[in-house]
Amino acid sequence: MPELPEVEIVRLSLNKKIKQKKVKKVLIRNKNLRFRVPPNLSNFLKNQKIVKVNRFSKYIILQLSNKGYCLIHLGMSGTIHLILKNKKNFFTNTSFYNSPVLPKKHNHIEIIFKDLKVVYNDPRRFGFFKLIKNSAKLRQFFSYYGPEPFSKTFNISYLKSKLNNKSKNIKNYLLDQKFVSGIGNIYTSEILFHSKINPQKESGKLKKKDYKKIIYYSKKVLNKAIKKGGSSIRDFKNTSGNKGGFQKEFKVYDRVGLNCKRFKCKGIIKKKNITNRSTFFCDNCQK
DNA sequence: AAGAGGCCCTGATAGC
DNA sequence: TGCTATCAGGGCCTCT
């Protein structure tokens, strides 16, 4: 569900609320997530101060005072809710697609501080928690991931080295976190539209100018999405104020059958399943 | 070895 | 109203 921009929005608000605060206790209400919740999660976090809330790719990283890290991945449906303790039922929404009240079901984990608690909710259970002992292990864990689009490493020679002679289509590469990390199914469609590249295009056939566009628009689209507060595509009705605004900027995603938004293009947006993920594009201007 | 497809899970919505 | 089918923003695993 959440891609890099959405995770960044959650990180920002989480950092604002829990930075420098000490964890009093952790409740594991339901340990079944994508991977079983680490059994030592409570002990690992208890009495630790949250030095800072960081992010890499789609991971939220709680940096702890014991030099350890707690990674949170939201999967498809994970949301984080902040509950202030002292005011009865007062609720602050840190993740923009959820409802203004704490859901009744699927609250898996509660991280409790003196004056508030952080609740992790995940109906589909594709998210997970992971504990990491120190910064060396953290680096090691992320070394299997490709660079973020913002990284200097995500450059023309990198793309050339990875894509040259490859038959796999470019859409699948952009979704592949080992190639570039943080881009998901929505932003892949959007980035390729801006780049005027057909998602089914064989990666090995891309030219240098295509690499340039992919690099440029990856940054541009993600940055703009962050600026707009991310994308909210479901739960429109019951969000109150913390909803993202980037869905209004979608050029192709969820626009099947509608007119292409590119100036003077007469195309109609198509939807096609590419390796089981719906993909939106204009076959008139994306070649 | 690269690449395609299945699968994990619940909930919302569409169609009958 | 109530059933069934389809689809959803991720990513790991298996098979060819």
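Quick note on labels: first sequence line is chain A, next is B, and so on, each numbered from 1.
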Any protein N or O atoms within reach of nucleotides 4-6 of chain C? Criterion: under 3.5 Å, listing atom names and distances.
none

- Can you spot which of A:Arg255, A:Lys261, A:Lys228 makes a salt bridge (charged side-chain N to carboxylate O under 4.0 Å, His left out) with A:Glu249? A:Lys228

- Message: Tell me if a side-chain donor or acceptor on A:Asn107 pairs with a main-chain N or O of A:Asn121 at a distance below 3.5 Å.
- Response: no

- Task: Round to a whole Å and report the spacing from CZ of A:Arg124 to C1' of C:dG10.
- Result: 9 Å

- What's the CG-C1' distance between A:Asn185 and C:dG10, to the nearest Å? 9 Å

- Task: Fit a plane to each ring of A:Phe141 and A:Tyr145, take the angle between them on a 0 to 90° scale, and name the class: parallel (under 30°), tilted (30 to 60°) or perpendicular (over 60°).
- Result: tilted

- Task: Would you please classify the geometry between the A:Tyr59 ring and the A:Phe128 ring as parallel, tilted or perpendicular, with 30° and 60° separating the classes?
- Result: perpendicular

- Query: Aromatic rings A:Phe56 and A:Phe142: how do their planes relate, parallel, tilted or perpendicular, breaks at 30° and 60°?
  - Reply: tilted

- Note on the structure: When rounded to whole Å, the CG to C1' distance for the pair A:Leu33 and C:dG10 reads 14 Å

- Using the P atoms only, state how far C:dT6 lies from B:dG6, rounded to an integer number of Å. 14 Å

- Length of the line joining A:His106:NE2 and B:dC8:C1', which is rounded to integer Å: 15 Å

Tabulated below should be each protein N or O lying under 3.5 Å from an N or O of nucleotides 11-13 of chain C; please produce it.
residue : atom : partner : partner atom : Å
C:dG11  : OP1  : A:His73 : NE2          : 2.7
C:dG11  : OP2  : A:Lys58 : NZ           : 2.7
C:dC12  : O4'  : A:Arg34 : NH2          : 2.7

- Under a 3.5 Å cutoff on both atom distances, Watson-Crick or G-U, what's the dot-bracket for DNA chain B ([ ] crossing, | other strand)? .|||||||.|||||||

Name every donor-acceptor pair, under 3.5 Å, that has one atom in a side chain of residues 190-197 of chain A and the other anywhere in the protein, sequence neighbours excluded.
residue  : atom : partner  : partner atom : Å
A:Glu190 : OE1  : A:Lys251 : N            : 2.8
A:Glu190 : OE2  : A:Lys251 : N            : 3.3
A:Glu190 : OE2  : A:Val252 : N            : 3.1
A:Glu190 : OE2  : A:Tyr253 : N            : 2.8
A:Ser195 : OG   : A:Ile191 : O            : 2.8

- Message: If the condition is ring-ring contact (aromatic ring centres under 6.0 Å, His included), which residues does A:Phe129 pass it with, not counting sequence neighbours?
- Response: A:Tyr120

- Task: Round to a whole Å and report the spacing from CD1 of A:Ile186 to P of C:dA8.
- Result: 11 Å

- Query: Between atom CG in A:Asn276 and atom C1' in B:dC8, what is the gap in whole Å?
  - Reply: 13 Å

- Item | Gap between atoms CZ and P, on A:Phe126 and B:dG6 respectively (whole Å) | 15 Å

Atom pairs under 3.5 Å, N or O on each side, protein against nucleotides 14-16 of chain C: can you list them with distances?
none

- Does a donor on one side chain sit under 3.5 Å from an acceptor on the other, for A:Asn172 and A:Thr275? yes

- Task: May I ask you to say what A:Asn32 touches in the nucleic acid, namely base, sugar-phosphate or nothing, with a heavy-atom cut-off under 4.0 Å?
- Result: nothing

- Query: Between A:Leu4 and A:Ser57, does a side chain to side chain contact (heavy atoms under 4.5 Å, CB included) hold up when you go through it step by step?
  - Reply: CA-CA 6 Å; A:Leu4 187 152; A:Ser57 183; 5.6 Å; no

- Nearest-Å distance for atom pair NZ/P, residues A:Lys105 and B:dT10: 9 Å

